[in-house]
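First up is the structure itself, then whatever we jot down about it.
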2 protein chains.
Amino acid sequence: MNLPKSEEQLMLVLWKLKKAFMKDIVEAYPEPKPANTTIATLLKRLQDKKAVGFTKYGSVREYHPLIAKDDYFSSQMSGAIKNFFNDSVAQFASFFTSKDNLTDEQLEELRKIVDEQIKARKK
Amino acid sequence: MNLPKSEEQLMLVLWKLKKAFMKDIVEAYPEPKPANTTIATLLKRLQDKKAVGFTKYGSVREYHPLIAKDDYFSSQMSGAIKNFFNDSVAQFASFFTSKDNLTDEQLEELRKIVDEQIKARKK
DNA sequence: TAAGTTATTCTACATTTGTAGAAACACATT
DNA sequence: AATGTGTTTCTACAAATGTAGAATAACTTA
């Protein structure tokens with residue numbers, strides 16, 4: 001699933017809210033908010049794509065994501081890694097850790113996380 | 001700079017070749033190759049966007065990227081990290097190292113890279 | 001219940017993207 | 001010089017995207 005920017009934006013809002021009524025979505029939208037009907041259109045398109053679903057409370061709809069943020073992001077990442085680093089995670093990591101991409105602190109943080117992950121898997 | 005998929009594809013080819021004549025680009029294109037004129041169109045659009053430039057050898061043009069792959073990728077990443085992890089590299093790293101994103105080997109590899117980077121910076 | 005408010009769908013339209021034929025141009029070869 | 005070959009630009013057009021007004025449905029409240 002690869003969503004256009006505008007729909008991705010709406011998904012971000014919905015992922016944050018987890019579930020929401022129309023007004024909640026509008027409210028949570030970052031400035032500059034698009035017209036109300038614009039959001040509605042995006043919502044509609046996302047429903048067509050099965051990316052968003054809803055539960056009916058009477059005649060009111062409460063929307064919720066049908067795809068997980070993690071999954072979505074994960075697949076975006078894989079794509080990027082495949083394209084830009086011919087599928088080599090090492091190359092990707094290397095890129096990521098070098099240059100000005102991370103501060104010293106963030107790098108230390110990353111090591112900690114990696115270490116913990118390795119430890120966790122060892123068991 | 002945010003390029004559409006098709007143009008990104010052409011950039012990938014050009015980044016790999018570093019510089020190339022039309023025929024080199026066509027040749028290097030992954031299957032299924034689009035029509036020749038399709039590539040030409042993309043090339044044109046990329047020139048309009050100042051993403052690709054060329055040097056004239058007589059009447060022949062040798063094309064080359066005007067934007068660095070690293071820079072392009074870097075900005076794509078920042079965008080993604082900002083959106084999906086509210087700007088937290090730690091959150092990103094955490095996501096990246098957990099789940100099925102990396103095999104055990106890759107994880108060890110990553111640690112090595114991080115360690116080396118930390119060491120390199122210490123001096 | 002009439003009027004206001006909110007949500008939803010329809011319709012619309014400009015722009016961007018994906019794709020490529022047709023035409024024009026420059027060069028190589030017969 | 002006539003023809004073929006590769007390059008580049010023009011033109012074209014369908015599909016996707018970004019944006020939103022108009023119409024309609026449903027609910028709230030005076």
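Naming: A, B, ... by sequence-line order, numbering from 1 per chain. Here the structure is a predicted model, which is why all the values come from computation and not from measurement.
- The closest donor-acceptor contact from the side chain of Lys119(A) to the backbone of Val114(A) lies at 3.5 Å or more, if one exists at all.
- Separating the NZ atom of Lys56(A) from the P atom of dA25(D) is a distance of 14 Å, rounded to the nearest angstrom.
- One interatomic measurement links the two molecules: CG of Asp48(B) to C1' of dT9(D), which rounds to 11 Å at whole-angstrom precision.
- Judged as a side-chain hydrogen bond (donor to acceptor under 3.5 Å, both in side chains), and not counting sequence neighbours, the contacts of Asp115(A) are Arg111(B).
- Contacts classified as ring-ring contact (aromatic ring centres under 6.0 Å, His included) and involving residues 7-38 of chain A (residues at least two apart or in different chains) are given here: Trp15(A)-Tyr72(A).
- Under the rule for a side-chain hydrogen bond (donor to acceptor under 3.5 Å, both in side chains), the partners of Asp104(B) that lie at least two apart in sequence or sit in another chain are Arg121(A).
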Self-check item: Per-nucleotide protein contact string for nucleotides 4-9 of chain C (B base, S sugar-phosphate only, - none; heavy atom under 4.0 Å)
Solution: ---SSB
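- To the nearest angstrom, P of dC10(D) lies 16 Å from CG of Leu42(B).
- If you take NZ of Lys33(B) and P of dG6(D), they are 14 Å apart, rounded to a whole angstrom.
- The side chain of Thr38(A) places no N or O atom within less than 4.0 Å of a non-bridging phosphate oxygen (OP1 or OP2) of dT19(D).
- Atom CG in Leu46(B) sits roughly 13 Å away from atom P in dT9(D) (whole-Å rounding).
- Look at CD1 on Ile39(B): it is 11 Å from C1' on dT19(C), rounded to the nearest Å.
- Under the 4.5 angstrom side-chain criterion for Ile, Leu, Val, Met, Phe, Trp and Tyr, Ile113(A) has no cluster partners at all.
- The salt bridge (charged side-chain N to carboxylate O under 4.0 Å, His left out) test applied to Glu8(A) returns Lys5(A), not counting sequence neighbours.
- Screening residues 41-56 of chain B for side chain to side chain donor-acceptor pair (under 3.5 Å), with sequence neighbours left out, gives Glu7(B)-Lys49(B).
- Residues from residues 1-19 of chain A placing a heavy atom under 4.0 Å of any atom in DNA chain C do not occur.
- Applying the ring-ring contact (aromatic ring centres under 6.0 Å, His included) test to residues at least two apart or on different chains, the pairs with a partner in residues 47-70 of chain A are Phe54(A)-Tyr63(A).
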